[in-house]
Amino acid sequence: FVPHLVLAPLFALLFIGLVRRYVNCEEVSSIIASTFFFSFFLYGLIADSLVGVFAPYEKQVIPIVLWIIVVWGGGRFLIGSKKLESVKTQLTEFFNILSIILVGTVSFMIVKEVATIEHEPPHFATRALVESSVFVPQNDLPDVYYIILDGYNRNDFLKEFMSYDNSPFTKELTAMGGFVAEESFSNYHCTLLSLNSSMNLEYLENMQPSHYSLLKGMEQSLVTRVFKRNGYATVFVCSGHHRNVFNEFDVLVQEPVTISDFSFVTWHRTPLRPFIEYVKLNNDQRQIAGAFRNLRLQMLSSDDSRPKFVFAHVLAPHRPYLFSALGKPINSIGEAKNLSVEAAKKAYCSYLQYVNRMVLEALRHRKSARGQKPIVIIQGDHGSCLAFSVPGMSSKDRHWGALSVLNAYFFPPSIEKKLTRDITPVNTFRILFSHLFNLNLPPLNNRAFFRAPESVLKCVEVPVSELALRKVCK
């Protein structure tokens, strides 16, 4: 954000200075510069109407060439126009008023947003119960890895809706000593709600879900606090999403960021769009590949003097679908995002195969520490976004697609026997903490919530029966 506050005015001054070399009148040069900047940042609206958002690179040439012709021709006309001298005062006043309106509108929106932010952290009943408990120091605690694969569906949905058999992967997890909850589902339909529930060990009925409260709930999660209280080092392996949320972790592991989301949104509306898309795509691919590489390195390393909790949030196989099954990078954002339903299904399943290979490779690098095998939890936070976009889908199938998720555990036998085929993420750490730290956290009844029509952060409860395992995988 800060570089924009510096670079944008410098760019504006540089351009105005360049125009002044050809135009002696300060007012005229300012009018020409203002016209250029308005056309520069409004370019995206015109390009979207001509070729669409995230169009292939070859199609984006047309609006860029048209923009250059219009800007060049318009600039030459304004510089040589004698009429401009007679109306320069009126045009200057027009641009001044327009600038005041735009700045005022944006300022009002910022003030309004800040004024509505809840400054009190969210309240979780389980947190008060756990933090009032007596913690008994434990010896020889295992390392714990919590791996979130964003948008990873359950096998039955993949088989019926995507026509893809994912059972070889889950069978491999079982062969490696894991327990796959074949009937599991997410408790919520989106990342912010799902992770707040699983990392605070309860449903979100006692909080007013706003963007601020949900971010705070993740930043100050009960899971992180319990691990820290028991002497764990905490590590967040980031793939570029929610980088600034998990500030309470001791260590953040992430690849260098080439372009921020703010920069991308800003410059994607300009004629620099193809270049910005290329930079963004390259950055996202490095983030995903780097997250899996960093996860492997974390599993290879251990500290015999102190256990660690590693939370890895990998934004895959969530859209955009960045890699092929063999790990070949996709060439354009349009190829990764702008797809028909059938093409998106194929791209999702191909990306899923890449994710599967990376997960299995990481698991093969598990290393025992302090005489204890590491505990590994692999979960989808919600189902595929295709469940939201396919027209004509019944509400029952939409719930099934948005909420059915992969849920696998590598637990010691004493804890694994407490797991059920339909365990949901809200109970993951309730079961683990009850046995690992002797906390009294009985499992909650399985429940699921789907977005309400008026807001993605408001939910309505859906019948658990709609999320039962479909016959195709039984």
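Count residues from 1 along the sequence.
- In this structure, Phe236 has its ring center under 6.0 Å from that of Phe311.
- Of all heavy-atom pairs between Val237 and Leu295, the closest is CG1-N, 4.3 Å.
- Taking the six-membered ring wherever Trp is involved, the centroid distance between the rings of Tyr146 and Phe429 falls below 6.0 Å.
- Between the side chains of Arg286 and Thr258, at least one donor-acceptor pair of N or O atoms lies under 3.5 Å.
- Put simply, CD on Gln220 and CG on Leu215 are 11.0 Å apart, with the number rounded to the nearest 0.5 Å.
- Both tests do not hold together for Lys308 against Tyr232: distance to the six-membered ring centre under 6.0 Å, angle to the ring axis within 45°.
- Between Val460 and Arg451 there is no side-chain heavy-atom pair separated by less than 4.5 Å.
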Original post:
Yes or no on side chain to side chain contact (heavy atoms under 4.5 Å, CB included) for Asp165 and Lys159, after CA distance, side-chain angles and deciding distance?
Top reply: CA-CA 5 Å; Asp165 182 8; Lys159 183 70 172 179; 3.8 Å; yes

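- Between Ser184 and Thr424, the shortest heavy-atom contact is OG-CA, 4.0 Å.
- Inter-residue side-chain proximity for Leu403 and Arg154 is flagged as unmet; no heavy-atom pair is nearer than 4.5 Å.
- Distance CD1/Ile377 to CD1/Ile375: 7.0 Å, rounded to 0.5 Å.
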Subject >> Asn427 vs Arg430, side chain to side chain contact (heavy atoms under 4.5 Å, CB included): CA-CA, chis, key distance, verdict >> reply: CA-CA 5 Å; Asn427 284 317; Arg430 297 183 76 92; 3.4 Å; yes

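- The side-chain tip of Arg269 does not point at the ring of Tyr43 from less than 6.0 angstrom away and within 45° of straight on.
- Between Met176 and Arg366 the shortest heavy-atom distance is O-NH2, 3.4 Å.
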Subject >> Steps toward side chain to side chain contact (heavy atoms under 4.5 Å, CB included) verdict (Leu406, Gln379) >> reply: CA-CA 5 Å; Leu406 171 73; Gln379 287 178 352; over 6 Å; no

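- In this structure, the side chain of Arg421 does not engage the main chain of Glu183 through any donor-acceptor pair within 3.5 Å.
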**OP:** Any chance you could lay out the salt bridge (Lys or Arg N to Asp or Glu O under 4.0 Å) test for Arg357 and Glu172, step after step, and finish with the verdict?
**Re:** CA-CA 11 Å; Arg357 287 196 306 108; Glu172 182 69 18; over 6 Å; no

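- With 3.5 Å as the limit, one finds no donor-acceptor pair spanning the side chains of Asp381 and Ser186.
- Atom CG of Leu45 has more than 12 neighbouring heavy atoms from other residues, nucleotides or ligands inside a 6.0 Å radius.
- Across every non-hydrogen atom of Pro256 and Asn283, the tightest pair is O-OD1, 4.0 Å.
- Looking only at atom types and distance, the side chain of Asp150 has a donor-acceptor partner in the side chain of Thr191 under 3.5 Å away.
- Inter-residue side-chain proximity for Lys418 and His435 is flagged as met; some heavy-atom pair is nearer than 4.5 Å.
- No side-chain donor-acceptor contact under 3.5 Å links Tyr164 to the backbone of Tyr348.
- For the residue pair Ser263 and Ser260, a side-chain donor N or O sits within less than 3.5 Å of a side-chain acceptor on the partner.
- Between Arg306 and Asp143 no salt bridge is recorded (no basic side-chain N to carboxylate O distance below 4.0 Å).
- For the residue pair Asp140 / Gln372, no side-chain donor-acceptor distance below 3.5 Å is found, with atom types taken as modelled.
- To the nearest 0.5 Å, atom CE of residue Met358 and atom CD1 of residue Ile147 are 13.0 Å apart.
- Figure legend: Lys345 and Phe161 shown as a cation-pi pair, the cationic atom lying under 6.0 angstrom from the six-membered ring centre and within 45 degrees of its axis.
- Under a 3.5 Å cut-off, the side chain of Ser350 and the backbone N or O of Ala325 do form a donor-acceptor pair.
- Nearest approach of Asp261 to Lys280, heavy atoms of both residues: OD1-NZ, 2.9 Å.
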**OP:** Decide salt bridge (Lys or Arg N to Asp or Glu O under 4.0 Å) for Lys216 and Glu219; before the verdict, give the C-alpha distance in whole Å, the side-chain angles of both, and the deciding distance to 0.1 Å.
**Re:** CA-CA 5 Å; Lys216 276 296 178 186; Glu219 181 182 6; 3.3 Å; yes

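- The shortest distance between side-chain heavy atoms of Pro374 and Pro142 does not fall below 4.5 Å.
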**OP:** Decide salt bridge (Lys or Arg N to Asp or Glu O under 4.0 Å) for Lys228 and Glu248; before the verdict, give the C-alpha distance in whole Å, the side-chain angles of both, and the deciding distance to 0.1 Å.
**Re:** CA-CA 10 Å; Lys228 282 193 167 188; Glu248 291 200 356; 5.4 Å; no

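- Shortest non-hydrogen contact noted between Gly217 and Asn196 is CA-OD1, 3.2 Å.
- For the side chain to side chain contact (heavy atoms under 4.5 Å, CB included) with Leu149, the lone residue among Val405, Leu315, Val314, Leu352 that qualifies is Val314.
- Side chains of Phe410 and Tyr145 form no contact here, defined as non-hydrogen atoms less than 4.5 Å apart.
- For the atom pair CG of Leu439 and OG of Ser434, the computed distance is 6.5 Å after rounding to the nearest 0.5 Å.
- Annotation: cation-pi geometry satisfied between Arg447 and Tyr203 (NZ/CZ under 6.0 angstrom from ring centroid, within 45° of ring axis).
- Gln287 and Gln254 are linked by a side-chain donor-acceptor pair at a separation below 3.5 angstrom, with hydrogens and angles left out of the test.
- For the pair Phe179 and Leu173, the minimum side-chain heavy-atom distance is 4.5 Å or more.
- Side-chain atoms of Tyr409 and Thr428 include a donor-acceptor pair closer than 3.5 Å.
- In this structure, the side chain of Gln285 engages the main chain of Leu322 through a donor-acceptor pair within 3.5 Å.
- A donor-acceptor contact closer than 3.5 angstrom is absent between the side chains of Asn153 and Asn166.
- For Phe227 and Phe433, the ring centers sit closer than 6.0 Å to each other.
- A 4.5 Å side-chain heavy-atom check between Leu214 and Leu195 finds every atom pair outside the cut-off.
- Counting only heavy atoms from C-beta outward, the side chains of Leu204 and Leu193 approach each other to under 4.5 Å.
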Original post:
So Val426 and Leu201, side chain to side chain contact (heavy atoms under 4.5 Å, CB included) or not? Walk me through it.
Top reply: CA-CA 5 Å; Val426 73; Leu201 286 63; 5.9 Å; no

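- The line from CH2 of Trp400 to CD of Glu466 is 12.0 Å long, rounded to the nearest 0.5 Å.
- Side-chain contact annotation: Tyr152 with Asn356, donor-acceptor N/O pair under 3.5 Å present.
- Among Ser194, Cys459, Cys190, Ser197, the one residue that satisfies the side chain to side chain contact (heavy atoms under 4.5 Å, CB included) test with Phe449 is Cys459.
- Between the side chain of Asp250 and the backbone N or O of Thr234, at least one donor-acceptor pair lies under 3.5 Å.
- Side-chain contact check for Thr224 and Ser221: at least one donor-acceptor pair (N or O, by modelled atom type) lies under 3.5 Å.
- A donor and an acceptor atom, one from each side chain of Asn294 and Glu255, are located under 3.5 Å apart.
- Separation of atoms NE2 (His268) and CD1 (Ile259) is listed at 9.5 Å; rounding is to 0.5 Å.
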